[in-house]
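Please read the structure below before turning to the comments.
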Amino acid sequence: MTTLTFPVLQVLADGKFHSGEALAQHFKVTRATIWNAVQHAENLGIEIFSVRGRGYKLPLAINLLDKNAVLKAIGEQRAWFALEVLDEVDSTNTYLMQNKHAAHATCVAAHVQTNGKGRRGRTWVSQLGASLTFSLLWRFQCGAAALSGLSLCVGVALIRALRDFDVNTAQLKWPNDVLVEGKKLAGILIELQGDLEGPSAAVIGVGINLNLPKNVLESIDQPAIDLASVKVIDQNALLGAILKHMADVLSGFETNGFVGLRDEWLRYHAYENKPVRMLLPNGTDVQGVVKGVAEDGILLVETALGLQRFSAGEISLRGVE
Ligand code: BTN
């Protein structure tokens with residue numbers, strides 16, 4: 001990693017041409033050093049136009065993460081959080097899982113993840129300025145066994161934040177995907193630390209598609225959509241709003257569990273009373289009609305065998321009769 005890569009990208013974020021010479025003068029380094037910084041950005045998958053006589057340019061202007069702007073957007077609850085903005089990291093979840101001494105409510109957001117993780121062993125595709133990727137460490141007095149329903153609560157916080165920006169069409173797919181027009185806008189990956197009896201900690205990772213190039217959206221292994229197709233929102237304002245709602249929702253969850261948020265979750269539920277196929281972790285699948293979620297966040301599905309409860313698995317609409 002060259003330490004100049006992200007400072008150079010901050011300058012290029014305006015989407016205009018900047019000559020190698022001007023950049024070299026600005027950072028008081030040689031043009032070769034600027035070239036190395038640009039090379040490293042390209043190795044991270046960041047597209048940079050390089051035109052002889054004009055210099056370097058990003059395809060589009062981008063809005064980068066800015067710690068102060070996020071803190072301002074959180075508002076009064078900003079003091080709750082320890083916020084770090086990283087330029088480049090393998091995965092914000094992995095980073096927090098490895099940092100056993102991180103303080104409660106540490107949030108790590110990254111410009112670039114080189115090995116972003118999705119649920120069920122998938123990778124999470126993101127791009128500089130085109131995706132919002134962050135993880136939040138939340139410590140609980142209770143044990144990991146009592147955290148069932150946590151991931152559904154996080155979904156509620158995301159929907160509330162989107163509604164703050166008048167994005168009212170977002171819905172939830174159990175356990176916690178955020179959908180718009182039936183396509184995936186955001187995903188949540190929760191990893192737990194600690195004992196079953198307690199205390200415990202959750203690393204809550206969130207990835208939101210902000211403005212992904214068409215080819216990247218199409219390369220994702222399921223129908224996906226980005227926020228820009230619905231509304232352009234400043235990612236710092238969005239992250240601030242999400243953290244504010246996370247603080248409320250997670251405090252509520254600590255006191256009352258998921259049950260206090262269940263009615264709200266059901267209002268956002270994309271598949272209520274819809275026929276679905278449940279893909280189970282053992283490779284089998286079951287067809288049925290979704291009948292809401294229980295007080296602990298377990299999915300209820302009316303099947304040929306009666307009302308069944310699912311704590312794991314994935315909802316699919318493929319091949320549903
Ligand atoms: C899913 O598969 O739906 C979950 C996606 C979670 C992606 C986010 S991006 C920030 C955090 N760091 C990771 O490596 N994954 C999560």
Side-chain angles (χ1 to χ4, degrees), residues 44-45 64-65 70 81 83-99 102 105-138 147 150-159 161-162 170-180 182-193 201-212 216-217 219-227 235-236 238-240 242-243 246 250 265 268 270-271 279 281 297 299 312-317:
L44 290 174
L64 290 171
L65 285 165
V70 177
F81 294 95
L83 178 64
E84 280 180 56
V85 174
L86 303 179
D87 288 333
E88 180 188 339
V89 69
D90 51 355
S91 144
T92 53
N93 261 45
T94 306
Y95 178 87
L96 276 177
M97 286 298 282
Q98 287 170 348
N99 188 350
T106 298
C107 173
V108 176
H111 285 125
V112 171
Q113 287 189 128
T114 51
N115 193 15
K117 300 185 288 187
R119 288 176 61 235
R120 297 161 69 92
R122 294 190 178 109
T123 54
W124 182 259
V125 180
S126 58
Q127 282 207 346
L128 179 76
S131 322
L132 172 58
T133 51
F134 69 93
S135 302
L136 175 65
L137 176 92
W138 206 262
L147 296 182
L150 171 65
S151 69
L152 284 79
C153 294
V154 176
V156 169
L158 294 188
I159 298 278
L162 289 166
Q171 290 185 301
L172 292 169
K173 173 184 174 186
W174 184 89
N176 53 20
D177 285 353
V178 178
L179 307 181
V180 169
K183 298 178 204 157
K184 185 154 166 172
L185 175 77
I188 299 165
L189 174 69
I190 298 190
E191 296 181 90
L192 299 178
Q193 296 172 343
V203 172
I204 302 165
V206 177
I208 303 179
N209 301 327
L210 293 177
N211 190 4
L212 285 176
V216 177
L217 269 179
S219 72
I220 297 174
D221 60 356
Q222 56 189 311
I225 191 167
D226 60 13
L227 198 50
Q235 64 168 328
N236 296 304
L238 180 60
L239 178 54
I242 293 172
L243 291 176
M246 288 269 216
L250 293 172
W265 193 94
Y268 308 142
Y271 296 138
L279 308 178
L299 184 73
E314 189 157 7
I315 294 181
S316 169
L317 299 184

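Each ligand, and each atom within it, is numbered from 1 in the order the structure gives. In this text the structure is predicted, and so the values were computed from the model without any measurement.
Not counting sequence neighbours, E84 has no partner by the salt bridge (charged side-chain N to carboxylate O under 4.0 Å, His left out) test. With sequence neighbours excluded, the residues that form a side chain to side chain donor-acceptor pair (under 3.5 Å) with E191 are N93, K117. Scored by the side chain to side chain donor-acceptor pair (under 3.5 Å) test, T92 finds Q113, S135 as partners (sequence neighbours excluded).
A side chain to side chain contact (heavy atoms under 4.5 Å, CB included) with L162 is found for one member of L185, V180, I208 and no other, namely L185.
The pair E314-R122 counts as a salt bridge, with a side-chain nitrogen and a carboxylate oxygen less than 4.0 angstrom apart.
Across all non-hydrogen atoms, the minimal contact from Q193 to L96 is NE2-O, 3.8 Å.
Contact residues of ligand 1 (protein heavy atom closer than 4.0 angstrom to a ligand atom; sorted by chain and number): S91, T92, N93, Q113, G116, K117, G118, R119, W124, T133, F134, S135, D177, K184, G187, I188, L189, G205, V206, G207.
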